[in-house]
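Right, I'll just put the structure down here and ask away after.
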Protein chains: 2
Amino acid sequence: MRILLVEDDAEVARFVKKGLQEAGHVVEHAANGRDGLFLAASEQFDLLVLDRMLPGGVDGVRLVETLRSQGSRTPVLFLSALSAVDERVRGLKAGGDDYLVKPFAFAELLARVEALGRRPATDAPTTKLRVADLELDLLSRTVTRGGKRVEVQPREFRLLEHLMRHAGQVVTRTMLLEKVWDYHFDPQTNVIDVHVSRLRQKLDKGFDKPLIHTVRNAGYMIRAD
Amino acid sequence: MRILLVEDDAEVARFVKKGLQEAGHVVEHAANGRDGLFLAASEQFDLLVLDRMLPGGVDGVRLVETLRSQGSRTPVLFLSALSAVDERVRGLKAGGDDYLVKPFAFAELLARVEALGRRPATDAPTTKLRVADLELDLLSRTVTRGGKRVEVQPREFRLLEHLMRHAGQVVTRTMLLEKVWDYHFDPQTNVIDVHVSRLRQKLDKGFDKPLIHTVRNAGYMIRAD
DNA sequence: GAGCCACGATGCGCATCCTGCTGGTCGAGG
DNA sequence: CCTCGACCAGCAGGATGCGCATCGTGGCTC
């Protein structure tokens, strides 16, 4: 399970991150709301664990509201020292799915994390992938960047889908050949380069922030960076 | 929202039921685990609010485990006087989605109820259409009849999708031309007949129950009949 | 029962579209 | 400065989807 932890208290962050990793989850950490929002918007997570109060203008509630307004449905678990009922209600109203008061027992955090992670896996097979302002709709087989429709060929679609499903991670040529082309050997040509190039023309041209990045001698990566 | 409340304490039950109803929900109440399980298994609810400890053999945890083992995914919120971390973890591990310790503020219960109810309602844009044993998966653009994959061309797929979205209703040729072909005139040919014919060959051949029915001088209709 | 009309099946050809390769260029890194 | 990997424009082969024409069939009407 890919979890994004947004927590400014380094001590708490280390403790939570370590525990979740030991439970077999992949954890990204952001120390403030701005970075958290950026990561949440650009990569795909199964769950967000947010401190309710964060430095830097963007606090937890604000972060969730922003994400929800962009159509994101990723479950959110709030952590907070604010234990008043009103505060808890506010967090849930903003779009949070759960609210845990500090100090908490790690076992309970873990149980709640897994309770939340359980849901989306079962219902709702992901129908949209998103990286920054790039959106791929599995249902309509449609791609939009910045809200504008982009025409994409079938193979390009598969390629993009695969990149987006691994947003923020390097995808090797071999993986692409296997998963997108069903080749189990090296075709000794530059098929991949060509298709990546075509995708770039359609997705990145006209935008100053390129999303598809080359990782020399390794492969490609899609990211909002 | 249809909510099932399973709570043996009459006082608490009355209080919770009233509050939820005032918030616009429909509430069924069961006073013990046995009745609760029966109701939960026989009717459709959007959420279960369960007391953790119940009289009559079937307690909250047991109830959830039973439901989950039957494949039910209805969200569950536990209420309990047992506040120990271990107890809370047990409840969540059993398949609960949230856990609220008594005594609680009603505002918080309501917020959590609505947080739980939010998810399934909002996501899940229909991804599958079904008529009898015929299934069309919008996500994978795949058609199966009786569990067996059927290969279908794009245009045929659109045609079938349109028929299935109006299952049980007659679909006129004009409608089909408009919606499936984007024609706004009569092509004076038998395009439709041809495609319906092809669909039939793929879907109905080899099954004794045809699904696609001709309605003379009107159009076509898909139906399990 | 004959004729008519709506619908059903099949084969073919066209056109479009997609895809992968070639070959030359660019640029980063050593 | 050199080399190797990556990038891109153009091209051509190929598959495939699609619609039309034609012929066949079955039901409704008179």
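Numbered from 1 within each chain, the chains take letters A, B, ... in sequence-line order. Since this is a predicted model, take the numbers as computed values, not measurements.
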Under 4.5 Å between any side-chain heavy atoms of B:D193 and B:Y220, yes or no?
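Yes - at least one pair of side-chain heavy atoms lies under 4.5 Å apart.
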Before giving the answer on side chain to side chain contact (heavy atoms under 4.5 Å, CB included), spell out for B:L134 and B:L160 the whole-Å C-alpha distance, their side-chain angles and the decisive distance to 0.1 Å.
CA-CA 11 Å; B:L134 175 64; B:L160 181 58; 4.2 Å; yes
Counting heavy atoms from C-beta on, name the nucleotide in C:dG8, D:dC8, C:dC17 closest to the side chain of A:Q153.
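Comparing C:dG8, D:dC8, C:dC17 against the side chain of A:Q153, the answer is C:dC17.
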Considering all heavy atoms, the nearest B:G168-B:R223 contact:
CA-CD, 4.0 Å
Whole angstrom is fine here: how far is it from CZ in A:R155 over to P in C:dG20?
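Distance check: A:R155 CZ to C:dG20 P gives 4 Å.
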Option from B:L116, B:V113, B:V27 for which side-chain contact (heavy atoms from CB on, under 4.5 Å) with B:M1 holds:
B:V113
Knowing that exactly one of A:L47, A:V49, A:L48, A:D98 qualifies, which makes a side-chain contact (heavy atoms from CB on, under 4.5 Å) with A:P75?
A:L47
Using the six-membered ring wherever Trp is involved, compare the ring planes of B:F185 and B:Y183 and label them parallel, tilted or perpendicular (cut-offs 30° and 60°).
parallel
Sugar-phosphate, base or nothing in reach of B:Y220, heavy atoms under 4.0 Å
sugar-phosphate
With nearest nucleotides of DNA chain C determined for A:N190 and A:V152 from heavy-atom distances, which residue corresponds to the more 5′ nucleotide?
A:V152
May I have the distance from A:E151 (atom CD) to C:dT19 (atom P), rounded to whole angstrom?
14 Å
When the distance from CZ of B:R200 to P of C:dT10 is rounded to whole Å, what number comes out?
13 Å
Between protein and nucleotides 1-5 of chain D, what N or O pairs are separated by less than 3.5 Å?
none

Within this structure, what is the CG-to-P distance between A:L199 and C:dT19, rounded to whole angstrom?
11 Å
If you look at every strand shown and take non-hydrogen atoms under 4.0 Å, does B:V194 touch a base, only sugar-phosphate, or nothing?
base
Do any side-chain nitrogens or oxygens of A:S197 fall under 4.0 Å of OP1 or OP2 in D:dC8?
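It does, given that an N or O in the side chain of A:S197 lies less than 4.0 Å from OP1 or OP2 of D:dC8.
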Here the distance between atom C1' of C:dC17 and atom CD of A:E156, to the nearest Å, is 12 Å
To the nearest Å, how far apart are B:D193 CG and D:dA21 P?
13 Å
Looking for any heavy atom pair under 4.0 Å, which part of the strands does A:V191 touch: base, sugar-phosphate only, or nothing?
sugar-phosphate
Checking the side chain of B:R112 only, and the main-chain atoms of A:Y99 only, is there a donor and an acceptor separated by less than 3.5 Å?
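Yes: the side chain of B:R112 pairs with the backbone of A:Y99.
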Is a donor-acceptor pair below 3.5 Å formed from side chain B:R198 to base C:dG11, judging by atom type as modelled?
yes
